[in-house]
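Notes for the one structure printed next.
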Amino acid sequence: MEKEQFLEVYRHSLAHILAKAVIEIYGKEVQYAIGPQIADGCYYDFVLPAALTEGDFPAIENKMREIIKRRETWTMEEVSKEKALEIFKDQKFKTELICDLPEDEKITVYYTGDDFVDLCRGPHIDNSQLLMNVAFQVKSVSGAYWRGDEHRDQMQRVYLYAFPDQKQLKEHLKMIKEAMERDHKKLGPQLELFMFNETAQGMPYWLPRGWKLYQALMQYSRDVQDLHEYQEISAPVINNNKLWIISGHWAHYVNNMFIIPGKDEDEKYTVESVDTMAAKPMNCPNAMMEFGRKPRSYKELPIRYSEYDVLHRKEKTGQLNGLLRVQEFRQDDDHTFVTEDMIEAEIDDILSIADEIYKTFGITYRAEFSTRPEDFMGDIELWNDAEAVLKKILDKKYGEGGYEINEGDGAFYGPKIDLQIKDALGREWQCGTIQLDFQLPRNFDLKYTAQDGSEKVPVVIHRAIFGSIERFLGIIIENFKGVFPFWMSPYQVAVVPIRTEHNDYAKKVVQRLKALRIRVEADYSDNNMKQKIKKFKNYKDPYILVLGDKEAENGTVSINMRGSNKQINDVPLDKFIDMCMKLNMEHSIELIDSVE
RNA sequence: GCUGGAAUAGCGCAGUCGGUAGCGCAACUGAUUCGUAAUCAGUAGGUCGAGGGUUCGAGUCCCUUUUCCAGCUCCA
């Protein structure tokens, strides 16, 4: 058997062994659903008499090994629908699957030994002995809904790691462990970037160091957008619900909004009050207000309103996750008002910005196209037009089939292109988003005067490249393991005077650097220099300057570079400053390790 | 929201059978004034997430609750 094929087949076959083992342990009343292979193994969904815990894993693993040792033959049998229904008459999930199959579909079942049968398309191994050398381990157990629907049965999903041999399994486990080490939830507090408190669930507190990182990212975003002729605005964080009723958020998004009830005649707070306000979950409505404040001409378009205001979105508790999923965040948001024939060029420009920004971080992304949801607003015809435009652009840029299509996943006001990037554990997160909107401008009665003097409705493009800055930072922290490129490091340079008598010179150096907007910190305490260096190394500051007699005398600095024990001694301060300025300007990922 | 798990000093952890809370690092004080990642000595720090219960006695057992984590669902 080919190696590639084997990888899929043995993982899927192992899922059958897992099901057989669980049934042998927990009895015939176990309901088993489906068990596909996944990136690092496979899983199987069950309804079991009791909740599994970690303590049950060894028993399952042992039973699986025992079953494999039986060297049972696997046989495939093609059966009629009636026969299949008979075989699985006590299995509700299998019965449902069989009933849903088209009439003319071939139904195959696989027997592992005589006593276990599973509905399956295959292919599978011929005999369990082929699994003898395969390495596997129960990874975890968790809840999962039947057919991914939260209104249907919840089952227990048993995950398995599975690899061709022990060595590969061990390597994978090591990789997972390393990924956990660089979890942003761990690195964040360690590097003093952010924290959380239970009184503000899912709302990050940015600590001094983290806020410098955040600001560096925002500054970079502002610089790029300025070059692309964006104008930054800011608008109220809470608005009366009149605004949200016009925008459609009150009808389509209210469950995700933080509401501030107004008072009624009896001085009681109630959501029904005309004074009820809500915190903005999105910037769009207020951007519409700024556009609509005066008559507009086609000559003004495109108008690009960028915005970094704080947004609030109420989430169900279980879906919060460090910085990756929060309830308060900022987006590198923009609403661009265009005429219909500007759409294509504008989206091209947005995608070029995305390419430029992601490249700066060394990140690759994957595009997804989301179409009209059930809960949509507006005319179907407008939707069809919008979807056709986006599809054309995507086909041109990524090629047909070069992106994923998510039917029905669009926003309620328009279809969208999402840009996905991965965290350290390989989980994908939506960051960038480009949404085409023919709807909101109508709700807000926005118009511009066209060349022929007629009144037209502008099209709005919503877009964000980082997506939420919080989420993007979470991913970036993990990608860089907290070892940030010079330009975004909280502190770029640390200064260590060898003895307190060198503090005066150190302060001069610090003032020079600060005047040039290089972020610098210094330790003037009487701790010994080793302690000071250690402290700054732990913060992962890119360059540590050690200053003593020689340096003070010659106006130089001695540089200790991050990530190596290499020292560059007696560098003229001006030369070091040039190096810093160059790194800042070029947004280099790597540090410069020599002054020549 | 659902299923399962976790919460002990600023951080990382230990705490046995229910018997009254400990270690390392960090902090602080003193000594050392040092040339590139752990100098020495001492001091202080805890309503054991919160509330209730069982018990002579609870970090430990039970119930409720909050927050966090993994996964599901939803999402930027």
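Order of the sequence lines sets the chain letters (A, B, ...), proteins ahead of strands, with each chain counted from 1. The analysis underlying the following values was restricted to heavy atoms, covering all of them including side chains, and did not include hydrogens, waters or symmetry mates.
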- Query: Which part of the nucleic acid, if any, lies within reach of A/Asp549 when heavy atoms closer than 4.0 Å are counted: base, sugar-phosphate only, or nothing?
  - Reply: base

- Message: Could you identify the nucleotide paired to B/A70, looking across every strand shown and requiring Watson-Crick or G-U wobble geometry with both distances under 3.5 Å?
- Response: B/U3

- Query: Which nucleotide, in any strand shown, forms a Watson-Crick or G-U wobble pair with B/U64, with both distances under 3.5 Å?
  - Reply: B/A50

- Please name the pair of heavy atoms, one in A/Ala287 and one in A/His335, separated by the smallest distance, quoted to 0.1 Å. CB-ND1, 3.8 Å

- Message: Could you check whether A/Lys535 pairs with A/Glu521 (Lys NZ or Arg NE/NH1/NH2 to Asp/Glu carboxylate O, under 4.0 Å)?
- Response: no

- Query: NE2 of A/His252 to OG of A/Ser247: how many Å apart, nearest 0.5 Å?
  - Reply: 9.0 Å

- Task: Check every strand shown and say whether A/Lys416 touches a base, only sugar-phosphate, or nothing at a heavy-atom separation below 4.0 Å.
- Result: sugar-phosphate

- Between B/A7 and B/G59, how far apart are the P atoms? Round to whole Å, please. 15 Å

- Between B/A58 and B/G42, how far apart are the P atoms? Round to whole Å, please. 35 Å

- If we take the C1' atom in both B/A26 and B/C13, what is their distance in whole Å? 14 Å

- Which word best sums up how the rings of A/Trp206 and A/Trp211 line up, parallel for under 30°, tilted for 30 to 60°, or perpendicular for over 60°? tilted

- B/A41: pairing nucleotide in any strand, Watson-Crick or G-U under 3.5 angstrom: B/U29

- Query: Could you state the NZ-P distance from A/Lys532 to B/A38, rounded to the nearest angstrom?
  - Reply: 16 Å

- Could you please spell out the steps behind the ring pair (Phe, Tyr, Trp, His ring centres under 6.0 Å) verdict for A/Phe46 and A/Tyr32? CA-CA 5 Å; A/Phe46 303 99; A/Tyr32 55 116; 7.4 Å; no

- Query: Can we call the ring centroids of A/Phe412 and A/His249 under 6.0 Å apart?
  - Reply: yes

- Nearest to the side chain of A/Met529, which nucleotide is it out of B/C34, B/C74, B/U73? B/C34

- Message: Return the pairing partner of B/G12 with a 3.5 Å limit on both distances, Watson-Crick or G-U wobble; otherwise return none.
- Response: B/C23

- Run the salt-bridge test on A/Asp409 and A/Lys416 with the 4.0 Å N-O cut-off and return the result as yes or no. no

- Message: Rounding to an integer number of Å, can you tell me how far A/Phe412 CZ sits from B/C75 P?
- Response: 13 Å

- Would you indicate what A/Glu192 reaches in the nucleic acid, counting non-hydrogen atoms under 4.0 angstrom: base, sugar-phosphate, or nothing? nothing

- Note on the structure: Taken to the nearest whole Å, CD/A/Glu315 to P/B/C75 is 9 Å

- Item | Shortest non-hydrogen contact between A/Tyr44 and A/Gly35, atoms and distance | CD1-CA, 3.5 Å

- Query: Can you find a donor-acceptor pair, distance only, under 3.5 Å between A/Asn528 side chain and B/U33 base?
  - Reply: no

- Query: Distance check: side-chain N/O of A/Lys530 vs OP1/OP2 of B/A38, anything under 4.0 Å?
  - Reply: yes

- Message: If I pick the P atom on B/U43 and the same atom on B/C25, what distance separates them, to the nearest angstrom?
- Response: 15 Å

- Task: Report yes if the distance between the aromatic ring centroids of A/Phe472 and A/Phe361 is under 6.0 Å, otherwise no.
- Result: yes

- Query: If you look at every strand shown and take non-hydrogen atoms under 4.0 Å, does A/Asn538 touch a base, only sugar-phosphate, or nothing?
  - Reply: base

- Message: Please give the distance between the P atoms of B/G18 and B/C61 as a whole number of Å.
- Response: 8 Å

- Can you tell me the distance, in whole Å, between the CG atom of A/Asp526 and the P atom of B/U39? 14 Å

- Note on the structure: Sorted by position of nearest nucleotide on RNA chain B, 5' first, the leading residue of A/Gly432 and A/Glu150 is A/Glu150

- Can you tell me, in whole Å, how much space there is between the C1' of B/C56 and that of B/A27? 40 Å

- Rounded to whole angstroms, how far apart are CD on A/Gln430 and C1' on B/U73? 16 Å

- Query: Of the candidate nucleotides B/G1, B/G4, B/U36, which contains the atom at the shortest distance from the side chain of A/Gln567?
  - Reply: B/U36

- Query: Rounded to the nearest Å, what distance is computed from the CZ atom of residue A/Phe329 to the C1' atom of nucleotide B/C75?
  - Reply: 9 Å

- Message: For a quick check, with a 4.0 angstrom heavy-atom cut-off, what is the B/S/- contact string for nucleotides 61-72 of chain B, read 5' to 3'?
- Response: -----SSSSSBB

- Task: May I have the distance from A/His502 (atom NE2) to B/U36 (atom P), rounded to whole angstrom?
- Result: 14 Å

- Query: Using a cut-off of 4.0 Å on non-hydrogen atoms, how would the nucleic acid contact of A/Val496 be classed: base, sugar-phosphate, or nothing?
  - Reply: nothing

- Determine the interatomic distance between P on B/U54 and the same-named atom on B/U60; round to the nearest Å. 15 Å

- Message: Without decimals, in angstroms, what is the distance between A/Tyr524 OH and B/U33 C1'?
- Response: 18 Å

- Do A/Phe576 and A/Tyr543 have their ring centres less than 6.0 Å from each other? yes

- Write down the distance separating the P atoms in B/U8 and B/G51, rounded off to the nearest Å. 16 Å

- Between A/Phe466 and A/Thr53, the residue closer to the 5' end of RNA chain B by nearest nucleotide is A/Thr53

- Message: Ignoring hydrogens and geometry beyond distance, is the side chain of A/Arg325 in donor-acceptor contact with the base of B/C74 at under 3.5 Å?
- Response: yes

